[in-house]
S.K.: 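My questions all concern the structure below.
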Amino acid sequence: MAKRNWVISLLAAVCLIGTGCSGQTAKVKEAKAAEKQQQIEKEKKLQEEKKLAEAKKREEERKREEARPVYVNILDPNTKDIVKTFNTKDLGYITNPDNYKVEISKLTRELARGTQSKPGYDKRMILDKLDEEGNIIKGTPQQILDEEELADKIMLVSEKGGNVELPLYVNASGYQAEEASQLDDVVVASYTTHFNSGTVGRTKNIKLSAEAINNVILGTNDSFSYNTTVGPSDAEHGYQKAPEINYGKLVEGYGGGICQTSSTLYNAIDQLAVQYIEKHHHSLTVGYVPKGRDATVSYGGKDFRFKNTTGVPLILKATVNGGSLTVEVRTSKTYQSQLKKRI
């Protein structure tokens, strides 16, 4: 009996010990799981903090990049001097791309055509002419700044900045020097107007302006500008006061009469297939040409301009004889058959 009780007690003790070990093992597992979860959460938090730090760094870099100026330098191709520098970001390259294009268009236009205070790179052709001995007096070629090409060049470097050269194109007169002496062979167009030679000031002005266009050579595809050819019609250049039309009224002014020269030239050259660039009528009817056949001019303002699209080089002859002004257009016999006339 005693032995039985001992066995029972032993079994009971073993059970109690087993139960205690099992409970302890469970607690250990729970502790380890909790520790692992904490580690996971800690690592997750570190990853989030790292991402935030990286995002903050990227934002700071973006702001620094936005603040960093991006300069475009525009250079004169001949002198290599910088003629214009600007920060693309100041003009809205990043913040307002559409407005940036507008600003670039404005900038290229000002560089080409100039402003009230600064001349542009576009230069009208000053045509060659013959002196009294038949020698060529050289003018200057036409120079054009290609505004669209310049804008394209600027856009290509606007993101990172850089240098851009002005795209300048120079057009020389379209004739050969050796043929200049033959250009007065044949009269291909002519027109005559009349005036009162007793009006001293007006007569003087007509003579001066006629002398200015006389013997001017118009090469093939050359552009003629009356104001550029004649120049300022002021007292400093010998012009006198005479009646002229100004805003619909007849007033006294220096250079009165030069419009008769431009109108006579218009009626002569209009017989040929030239292309008009600029032409204006007076605000009042004039008596020296039919209505609608005048070409008014004013230095620094309205001009009479055309392009020689007749296919051959020409020369202008302007003569004053008493109270008449005649403008002739001539060319060489070689070119006479090739000349295009107005249909």
Side-chain angles (χ1 to χ4, degrees), residues 1-113 115 118 121 145-168:
M1 185 71 179
K3 185 177 180 180
R4 181 184 175 191
N5 289 337
W6 179 83
V7 171
I8 293 171
S9 297
L10 181 60
L11 290 171
V14 170
C15 289
L16 288 172
I17 290 171
T19 303
C21 288
S22 177
Q24 187 176 4
T25 301
K27 287 180 179 179
V28 169
K29 287 182 178 180
E30 289 177 1
K32 287 183 177 180
E35 184 179 352
K36 186 176 181 180
Q37 182 63 34
Q38 288 178 355
Q39 186 64 29
I40 291 172
E41 291 178 356
K42 184 178 181 181
E43 289 179 358
K44 185 178 180 181
K45 184 177 181 181
L46 288 173
Q47 288 292 331
E48 290 176 352
E49 289 177 350
K50 185 179 179 180
K51 287 181 180 179
L52 288 173
E54 290 175 349
K56 183 178 180 182
K57 184 179 179 180
R58 287 195 299 269
E59 179 63 18
E60 289 174 350
E61 289 177 351
R62 186 187 66 79
K63 289 181 178 180
R64 282 197 299 269
E65 182 62 22
E66 284 187 357
R68 182 181 68 83
V70 177
Y71 291 109
V72 171
N73 301 314
I74 300 177
L75 310 179
D76 185 306
N78 300 313
T79 64
K80 305 303 179 184
D81 292 337
I82 297 176
V83 298
K84 185 75 176 181
T85 297
F86 64 93
N87 180 3
T88 64
K89 294 177 180 179
D90 288 344
L91 299 184
Y93 175 70
I94 294 176
T95 57
N96 194 340
D98 290 338
N99 187 67
Y100 180 74
K101 292 179 181 178
V102 172
E103 290 297 321
I104 294 304
S105 178
K106 179 181 176 183
L107 184 151
T108 58
R109 184 171 60 252
E110 289 180 351
L111 285 171
R113 308 176 197 183
T115 63
K118 189 176 181 180
Y121 274 86
L145 192 163
D146 192 318
E147 298 175 33
E148 185 176 349
E149 183 180 345
L150 177 57
D152 290 342
K153 284 185 172 184
I154 292 173
M155 292 303 296
L156 288 175
V157 300
S158 290
E159 182 178 353
K160 296 182 179 180
N163 296 334
V164 171
E165 286 193 354
L166 294 170
L168 298 178

S.K.: First locate atom CE of M155, then atom NZ of K101, and finally report the distance between them rounded to the nearest 0.5 Å.
M.R.: 5.5 Å
S.K.: Among residues two or more places apart or on two chains, list those pairs meeting ring pair (Phe, Tyr, Trp, His ring centres under 6.0 Å) that have a residue in residues 69-102.
M.R.: Y93-Y100
S.K.: Going by salt bridge (charged side-chain N to carboxylate O under 4.0 Å, His left out), name the residues that satisfy it together with E103, two or more places apart in sequence or in a different chain.
M.R.: none
S.K.: Looking at side-chain heavy atoms only, is the closest gap between E110 and K118 below 4.5 Å?
M.R.: no
S.K.: Report yes if the side chains of L166 and L75 come closer than 4.5 Å at any heavy-atom pair, otherwise no.
M.R.: no
S.K.: Roughly how far, to the nearest 0.5 Å, is the CD1 atom of I104 from the CG atom of D152?
M.R.: 11.0 Å
S.K.: Hey, is E165 close enough to K80 for a salt bridge, meaning N to O under 4.0 Å?
M.R.: yes
S.K.: Is the backbone N or O of V70 less than 3.5 Å from a side-chain atom of K89, with the two atoms forming a donor-acceptor pair by type?
M.R.: no
S.K.: Do you know the tightest heavy-atom contact between P97 and T95?
M.R.: CD-C, 3.8 Å
S.K.: Would you give me the side-chain donor-acceptor pairs under 3.5 Å for residues 41-49, sequence neighbours excluded?
M.R.:
residue : atom : partner : partner atom : Å
E41     : OE2  : Q37     : NE2          : 3.3
E43     : OE2  : Q39     : NE2          : 3.4

S.K.: Taking C-beta and beyond as the side chain, do V157 and N163 meet within less than 4.5 Å on heavy atoms?
M.R.: no
S.K.: Going from CG on N73 to CD1 on I154, what distance comes out if it is rounded to the nearest 0.5 angstrom?
M.R.: 11.0 Å
S.K.: Are any of the side-chain heavy atoms of D146 and L150 separated by less than 4.5 Å?
M.R.: no
S.K.: Report yes or no: does T88 contribute a side-chain atom to a donor-acceptor pair with the main-chain N or O of S158 at less than 3.5 Å?
M.R.: yes
S.K.: Please assess L107 against I74 for the test side chain to side chain contact (heavy atoms under 4.5 Å, CB included), listing each intermediate value before the final yes or no.
M.R.: CA-CA 11 Å; L107 184 151; I74 300 177; 3.6 Å; yes
S.K.: Quick one: are T108 and L111 in side-chain contact, heavy atoms under 4.5 Å?
M.R.: no
S.K.: Among all residues two or more places apart in sequence or in another chain, which pass the salt bridge (charged side-chain N to carboxylate O under 4.0 Å, His left out) test with R109?
M.R.: none
S.K.: Mind checking side-chain hydrogen bond (donor to acceptor under 3.5 Å, both in side chains) for S105 and listing every partner two or more places apart, or none if nothing turns up?
M.R.: none
S.K.: Among all residues two or more places apart in sequence or in another chain, which pass the side-chain contact (heavy atoms from CB on, under 4.5 Å) test with N78?
M.R.: D76, L168
S.K.: If you compare all heavy atoms of V72 against all heavy atoms of G161, which two are closest, and at what distance to 0.1 Å?
M.R.: CG2-CA, 4.4 Å
